[in-house]
Amino acid sequence: MDKEELERLISKYLDDELEPTEQELLREALDFDSEARRAAGEWERLQDILDEYTNSLGEPSKSVRQRVLALKKPRRIYARRLRAAAAIAALIMVTLAIGGLGGRLVWGPEAGTDVPLVDTSLLETAVSETWQLMPSQVRWVALQRGKLQMETAPLPLSEGLEEMYLVSFLVQQGREAPRPLCQVAVLAGQEAQLSWYQHGEWSLRCRPVVTQRPGRLQVTISFRAEGATTGGLRLTSEPRLTTDGAFRVASSRLGGSELHIWAQVRARRVSKLVEQEML
Amino acid sequence: MRSGRGGQGKERSTDDFASLYERYAGRAFRYARMMGLCESDADDVVAESFLKAMRARASFRAEADLSTWLLTIVRNTTLNLLRSEGRRLARLERLAGRKQAQPAPDLPLEQLERREMLGAVETVMRKLTREQRSALSLVTTGGLSYRQAAQVEGVAEAALTSRIYRARQSLRQYLTEMGMLEAE
């Protein structure tokens, strides 16, 4: 048996892949040839090193496990959180209906307060990362009454991952912390469906469009808020940012209680597959 | 935890998927690492592979071998990632950066030797061809037989045997030259 054939058999032996006839050949070689025994020892040592190397490669991180095992959940989480948001919205409607009859409407920047925003990520799951765009990263422009545009500074895009943007509207009564009102998910380069929300005597319509220019994002929100009685909510005349980068888009004073609507954009990275699962 | 209720197809399916993950995630991760991916990229490969597996589970034929099917997905996902030249270069840069940033370890001699040896294996691994590395990895980290690994690679069993032999031979040669390999 030549050296190469011997080594090939030893290599197969280490993986327990020898045929019966090959086993016999190798056994004979090892019995009678000291050089074959030395070579076998060297190959076995190599196998030990390979095993040790393999063991040193580690395990996937716990976050991957969470991501993978959460795969069945997004739709259910979304539905559950949507129901929770609807319940909050209903509560706001009732509050407005009770306290808002005959109220006087005001609009303008003077009533704005900088307060931390609550987490509104209705779609948040363990399968992706969500981050809040900081005020320094965004520039809100009121194009005209009812049409806003937000443009981001260049964003670090992650290859292999897709960006999805969550345009949230929040309602704030008085000095309470803003509560989530509604949220629209839109993929880069696409137009979200028209969303329409009826809240007591006023309604809110929005249609965010996300366009992605090289390295930066532009969100245009066509927005309409109107009320049945005293003119409804009025759009703010100038951008008003909170420290969380939200923009106040409408205000009203109903029954002595100030009410503001804020818009906020969150970015979220998801893999294409997860994204298809969720939308 | 299992519900223990009979007829809960969806829950059983979720449990099955969880057990599939527990069984194969480690192998998938080590395969990706052995193919030269850094830990975070290997994490991505695992997540992406299981996503694909979940979406494609309807197409899985019962008579097919589960480990072969899953590791084929892992292999293809890994190769797709490796084919992305930008990622590869970035990865190498990160690797170089990390190595430079590592402080001199203050470890017992035995651990230092072990670390040095593992580092040498990793260096040598990168010198193997992609086909050789994949074949060797499927057998050593994936736990596949030669026949199964040949299916994953889409080659004849003899060709796979040859790849693994060549890979081991190269490893042995490199490690011997580096003074890391002596028969005990």
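First the proteins, then the strands, lettered A, B, ... as listed; each starts at 1.
Neither the backbone nor the side chain of A42(B) comes within less than 4.5 Å of any heavy atom of chain A. For a residue to count as touching a neighbouring chain, one of its non-hydrogen atoms must lie under 4.5 Å from one of that chain's; by this rule L118(B) touches chain A with backbone and side chain alike. With a threshold of 4.5 angstrom between heavy atoms, M34(B) approaches chain A through its backbone and through its side chain. Only the side chain of E17(A) comes within less than 4.5 Å of a heavy atom in chain B; its backbone stays farther off. Both the backbone and the side chain of Y146(B) come within contact range of chain A, judged by heavy atoms closer than 4.5 Å. Heavy-atom distances place the side chain of T161(B), and not its backbone, under 4.5 Å from chain A.
Counting only heavy atoms from C-beta outward, the side chains of P60(A) and Y21(B) approach each other to under 4.5 Å.
To the nearest 0.5 Å, atom CG of residue D43(B) and atom CZ of residue R65(A) are 13.5 Å apart. In this structure, the separation between CZ on R172(B) and CG on L50(A) is 13.0 Å, given to the nearest 0.5 Å. If you take CD on E122(B) and OH on Y53(A), they are separated by 4.5 Å, rounding to the nearest 0.5 Å. Here Y165(B) contributes atom OH and E5(A) contributes atom CD; the two are 8.5 Å apart, rounded to the nearest 0.5 Å. The CD atom of E7(A) sits 10.0 Å away from the CZ atom of R166(B) when rounded to the nearest 0.5 Å. In this structure, CD in Q169(B) is found 12.0 Å from CZ in R8(A), a value given to the nearest 0.5 Å.
More than 12 heavy atoms of other residues, nucleotides or ligands shown are found within 6.0 angstrom of CZ on R37(A).
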(message) Set out, in order, the CA-CA distance, both residues' side-chain angles and the distance that settles side-chain hydrogen bond (donor to acceptor under 3.5 Å, both in side chains) for Q47(A) and R168(B), then state yes or no.
(response) CA-CA 9 Å; Q47(A) 185 62 32; R168(B) 280 218 175 94; 2.8 Å; yes
(message) Using the rule given for side-chain hydrogen bond (donor to acceptor under 3.5 Å, both in side chains), can you reason through T54(A) versus R30(B), listing the C-alpha separation, both sets of side-chain angles and the distance that settles it, and then say yes or no?
(response) CA-CA 7 Å; T54(A) 302; R30(B) 286 188 289 277; over 6 Å; no
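Annotation: maximal heavy-atom pairing with chain B below 4.5 Å, among D16(A), L57(A), D51(A), occurs at L57(A).
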